[in-house]
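First up is the structure itself, then whatever we jot down about it.
Side-chain atoms are counted along with the backbone in the values below, which use heavy atoms only and exclude waters and symmetry mates. Throughout, protein chains are lettered first and strands after them, A, B, ... in sequence-line order, and every chain is numbered starting at 1.
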Amino acid sequence: MITPIDQSFFNKPTLQLSKDLLGCRLVHLMDNIVISGRIVETEAYMGPVDRAAHSFQNRRTKRTEIMYHEAGLIYTYQMHTHTLINIVSGNIDCPEAVLIRAIEPIDGIDYMIQMRNNQPISNLTNGPGKLTKAMNITMSSYGQKSWEPPVFIAEGTKPHAISSGPRIGIENTGEARDYPWRFWITDNPFISRK
DNA sequence: AAGCTGATGGTCT
DNA sequence: GACCATCAGCTTG
C-alpha cells in the first residue's frame with residue numbers, strides 16, 4: 001500500500017510546488033492493479049497574470065472552475081484527443097495550477113504498455129497526453145482530491161538536480177512564452193523533450 | 001451559427 | 001516537416 005502525501009504539501013507558492021512535485025510519485029490505485037510513476041517534468045501556470053494559462057485574467061468557465069478551489073485538487077482537461085492532468089495550486093480564488101508533463105514508470109509497467117499499444121518503455125509516459133493514457137487517468141478525475149485514492153500524489157525520491165526553461169507548446173502567448181516555468185529532473189531520460 | 005485556436009501525439013512523406 | 005483527430009471556449013456576426 002502506498003500512502004498519499006499530506007494535504008498540507010500543496011500549501012505553498014506554485015513555482016515551489018512545481019519543483020517539489022519533481023521526484024514525487026503519481027499513483028492510480030485501481031481495483032486489481034497499482035499504476036505509479038515518478039514525476040520528472042512539470043510546468044507552472046500562474047493564473048490571472050499568465051497569458052498561457054486557461055485562467056488568464058481570471059477567466060472562469062465550467063472548465064477552469066476547479067482552479068478557483070483549494071490547492072491539491074485535480075484539474076483534468078481535454079487537449080485534442082488527449083486528457084492532461086494538473087494539480088490545482090495557490091490560495092482559494094487564485095486560479096493557478098501545475099501541469100504534470102512526464103513521469104518515469106514504476107508500478108504496472110505491463111499495464112501501461114498495453115494501454116499504449118505496445119510502445120517501448122522509453123515512449124510510454126514522456127508527455128502529458130501519453131502518461132494519462134498509460135495510467136488510465138480520465139476526465140472522471142476532474143475535481144478529485146490528489147491526496148486520496150484513487151488518483152493521488154505520494155512521497156518519492158528527491159531529485160539530484162533540477163533544470164528549468166520555457167514551457168512547451170505556447171508559442172503565441174506574448175511575453176509568457178519565455179517565462180522559465182517548465183521544470184524537470186536534470187538528465188532524466190523520461191522527460192518529454194530535450 | 002460559424003469559424004478559429006490550442007498546455008498533444010500518431011502517422012505519413 | 002505536414003496533416004489530422006476533436007472539443008471547450010472565444011470571436012465575429
Side-chain angles (χ1 to χ4, degrees), chain A residues 13-15 17-19 21-22 26 37 39-69 71-90 94-105 111-143 146 151 153 162-185 188-194:
Chain A
T14 297
L15 293 177
L17 181 62
S18 303
K19 288 181 274 192
L21 279 169
L22 295 175
L26 177 63
I39 298 172
V40 299
E41 181 180 351
T42 60
E43 280 180 3
Y45 285 87
M46 301 298 286
V49 299
D50 180 2
R51 280 192 82 80
H54 293 155
S55 50
F56 177 55
Q57 290 181 331
N58 279 306
R59 195 160 63 204
R60 187 164 185 163
T61 64
K62 184 170 184 168
R63 180 174 68 156
T64 63
E65 176 62 30
I66 202 63
M67 284 195 276
Y68 293 82
H69 293 253
L73 294 176
I74 296 173
Y75 170 41
T76 47
Y77 76 97
Q78 299 287 144
M79 178 56 176
H80 294 261
T81 52
H82 308 285
T83 302
L84 274 59
I85 184 169
N86 301 251
I87 304 299
V88 172
S89 181
C94 187
E96 301 175 346
V98 179
L99 170 67
I100 299 176
R101 284 197 57 90
I103 64 161
E104 175 175 341
Y111 178 90
M112 293 195 224
I113 291 171
Q114 204 176 315
M115 292 300 286
R116 293 273 297 128
N117 283 321
N118 294 311
Q119 291 289 318
I121 292 182
S122 61
N123 193 37
L124 285 183
T125 55
N126 56 334
K130 296 178 188 178
L131 74 90
T132 54
K133 183 84 186 297
M135 296 185 71
N136 196 21
I137 292 171
T138 67
M139 286 302 292
S140 65
S141 290
Y142 183 93
S146 75
V151 176
I153 303 294
I162 293 174
S163 301
S164 64
R167 292 170 292 180
I168 302 289
I170 54 163
E171 296 302 306
N172 301 315
T173 54
E175 296 292 307
R177 187 185 53 161
D178 303 318
Y179 298 162
W181 289 345
R182 173 184 176 226
F183 304 96
W184 65 93
I185 297 179
N188 187 283
F190 292 90
I191 61 173
S192 63
R193 298 198 201 175
K194 295 209 170 79

> Looking at residues at least two apart in the chain, or sitting in another chain, which of them share a side chain to side chain donor-acceptor pair (under 3.5 Å) with A:Gln78?
Replying inline: A:Thr83
> So where does chain A start and stop touching DNA chain C, 5' to 3', when the test is distance under 4.0 Å to a non-hydrogen atom?
Replying inline: C:dA5 to C:dC10
> With sequence neighbours left out, what residues match A:Trp181 under ring-ring contact (aromatic ring centres under 6.0 Å, His included)?
Replying inline: A:Tyr179
> For residues 168-182 of chain A, which residue pairs qualify under salt bridge (Lys or Arg N to Asp or Glu O under 4.0 Å), counting only residues two or more places apart or in two chains?
Replying inline: A:Glu41-A:Arg182
> Pairs in or reaching into residues 129-142 of chain A: which pass salt bridge (Lys or Arg N to Asp or Glu O under 4.0 Å), with residues at least two apart or in two chains?
Replying inline: none
>> If the condition is side chain to side chain donor-acceptor pair (under 3.5 Å), which residues does A:Ser163 pass it with, not counting sequence neighbours?
In response: A:Thr186
> Mind checking what makes salt bridge (charged side-chain N to carboxylate O under 4.0 Å, His left out) contact with A:Glu96, not counting sequence neighbours?
Replying inline: none
> For DNA chain B, which ranges pair as stems of 3 or more consecutive Watson-Crick or G-U pairs, with both donor-acceptor distances under 3.5 Å?
Replying inline: B:1-6 with C:7-12, B:8-12 with C:1-5
>> Return a single string for nucleotides 5-12 of chain B, one symbol per nucleotide in 5' to 3' order, where B is base contact, S is sugar-phosphate-only contact and - is none, cutoff 4.0 angstrom on heavy atoms.
In response: -BBBSS--
>> I need the minimum non-hydrogen distance between A:Asn86 and A:Leu84, along with the two atoms involved.
In response: ND2-O, 4.0 Å
> How would you list, by chain and number, every residue that makes a side-chain contact (heavy atoms from CB on, under 4.5 Å) with A:Ser140, sequence neighbours excluded?
Replying inline: A:Thr138
> In whole Å, what separates the P atom of B:dC4 from that of C:dC3?
Replying inline: 15 Å
> Which residues pass the side chain to side chain donor-acceptor pair (under 3.5 Å) test with A:Arg193, sequence neighbours left out?
Replying inline: none
>> For the P atoms, the ones on C:dA8 and on B:dG10, what distance do you get once it is rounded to whole angstrom?
In response: 22 Å
Under 3.5 Å, sequence neighbours excluded: what are the donor-acceptor pairs made by side chains of residues 48-59 of chain A?
residue, atom, partner, partner atom, Å
A:Asp50, OD1, A:Ala52, N, 3.0
A:Asp50, OD1, A:Arg167, NH2, 3.0
A:Asp50, OD2, A:Met46, N, 3.0
A:Asp50, OD2, A:Arg167, NH1, 2.7
A:His54, ND1, A:Tyr75, OH, 2.8
A:Ser55, OG, A:Pro95, O, 2.7
A:Arg59, NE, A:His54, O, 3.2
A:Arg59, NH2, A:His54, O, 3.2

